[in-house]
Amino acid sequence: CHVAGGDRGDAETGQRRLGRPDRPRPAGRRGDDVCLYRRRSIPIRRAGRFEVEGLLARMPRIAQASTPELASMAESLPRALAHWLARRVPEVPTGIIHGDLFRDNVLFRAPEGPEASTIVAILDFESASDGRWIFDLAVTVLAWCVGDDFSVPLARALIRSYQEVRKLEPSELRTFQAELCLATLRFTTTRITDYALRTGIGPRVMKDWRRFWMRYRVVSEMAPESLF
């Protein structure tokens, strides 16, 4: 979840609402599932930890994987990264982004009565950085709008609610498919190197890289205008 505006060391108010697609409500109502950052100090500004160069540096490890399925990804991933990086619109709004806004990084207060649950905390800012706001939105769509498959209606509802707070610029609309694809490739890569290739470290949550490779196949073939 990114924060918008402000001086170099600060961030002005920004919002993101992750609402039910069939019951959108105005942002700011008490009880709405609204992510709201108020002005705060950001003492260190940095580039993201998972830029394309860093992802490519992981490919030799993937190429040495013991299974042909994993090893083949060392060829598929760089090809896909180059393809979508070339299609990325360069000039888009940037600022501080969360970079990893998955469901397990959001805490909710249980609903009381008919109102929806309320977001009370956002966790895990280790991937926060300077970045493209539209990439942050793409990560959130990919995290929150997928069950067994990618849900276009849910993604459309999330984007519509987001635009109630900050209208996407034409350049962001043009680059959105590239951002979706690059985000899926980022998480496919890191889930291979940080989970599938790491063994012997005891019990832990396993994050399957195939889930994001499935997302890549879906968003790389979709008509991006279907989301707006």
Would you give the length of the straight line joining atom [atom1] of [X] to atom [atom2] of [Y], rounded to the nearest 0.5 angstrom?
X      : Y      : atom1 : atom2 : result
Leu168 : Trp133 : CG    : CH2   : 11.0 Å
Leu101 : Arg103 : CG    : CZ    : 11.5 Å
Trp209 : Ile62  : CH2   : CD1   : 9.0 Å
Thr190 : Tyr195 : OG1   : OH    : 8.0 Å
Ser129 : Ile96  : OG    : CD1   : 9.5 Å

Worksheet entry | Electrostatic pair Arg58:Asp194 at N-O distance under 4.0 angstrom |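 So Arg58 pairs with Asp194 through a salt bridge.
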
Do the charged groups of Glu172 and Arg166 touch, with an N to O distance under 4.0 Å?
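The answer is yes: the pair qualifies as a salt bridge.
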
query: Just checking, is any N or O donor in the side chain of Thr184 or Arg215 under 3.5 Å from an acceptor N or O on the other one?
result: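 Arg215 and Thr184 do not have a side-chain donor-acceptor pair below 3.5 Å.
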
What pair of heavy atoms forms the shortest contact from [X] to [Y], and how long is it?
X      : Y      : result
Gly99  : Phe187 : O-CZ, 3.8 Å
Pro78  : Leu56  : CB-CD2, 3.9 Å
Ser220 : Cys181 : CA-SG, 3.6 Å
Met59  : Met73  : SD-O, 4.4 Å

Within-4.5 Å side-chain heavy-atom neighbours: [X] and [Y]:
X      : Y      : answer
Ile192 : Leu70  : yes
Leu180 : Leu227 : yes
Phe228 : Ile159 : yes
Val146 : Val141 : no
Tyr162 : Leu137 : yes
Arg132 : Pro93  : no
Asp149 : Met214 : yes

Tell me every residue that passes ring pair (Phe, Tyr, Trp, His ring centres under 6.0 Å) with [X], counting only those two or more places apart in sequence or in another chain.
X      : value
Trp213 : Tyr216
Phe135 : none
Phe150 : none

Would you find a donor on one side and an acceptor on the other, under 3.5 Å apart, between the side chain of [X] and the backbone of [Y]?
X      : Y      : value
Gln177 : Val219 : yes
Asn105 : Asp100 : yes
Thr175 : Ala178 : no
Ser226 : Met222 : no
His98  : Thr140 : no

query: For residues 61-81, which residue pairs qualify under salt bridge (Lys or Arg N to Asp or Glu O under 4.0 Å), counting only residues two or more places apart or in two chains?
result: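 Output for this query lists Glu69-Arg210.
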
Open item on the list: Taking salt bridge (Lys or Arg N to Asp or Glu O under 4.0 Å) as the cut-off, I'd like each qualifying pair that reaches into residues 217-228, sequence neighbours left out, listed once.
Closed with: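 Listed once each, the pairs would be none.
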
Q: Could I get the full list of side-chain hydrogen bond (donor to acceptor under 3.5 Å, both in side chains) partners for Arg191, not counting sequence neighbours?
A: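 By the side-chain hydrogen bond (donor to acceptor under 3.5 Å, both in side chains) rule, Arg191 matches no residue at all.
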
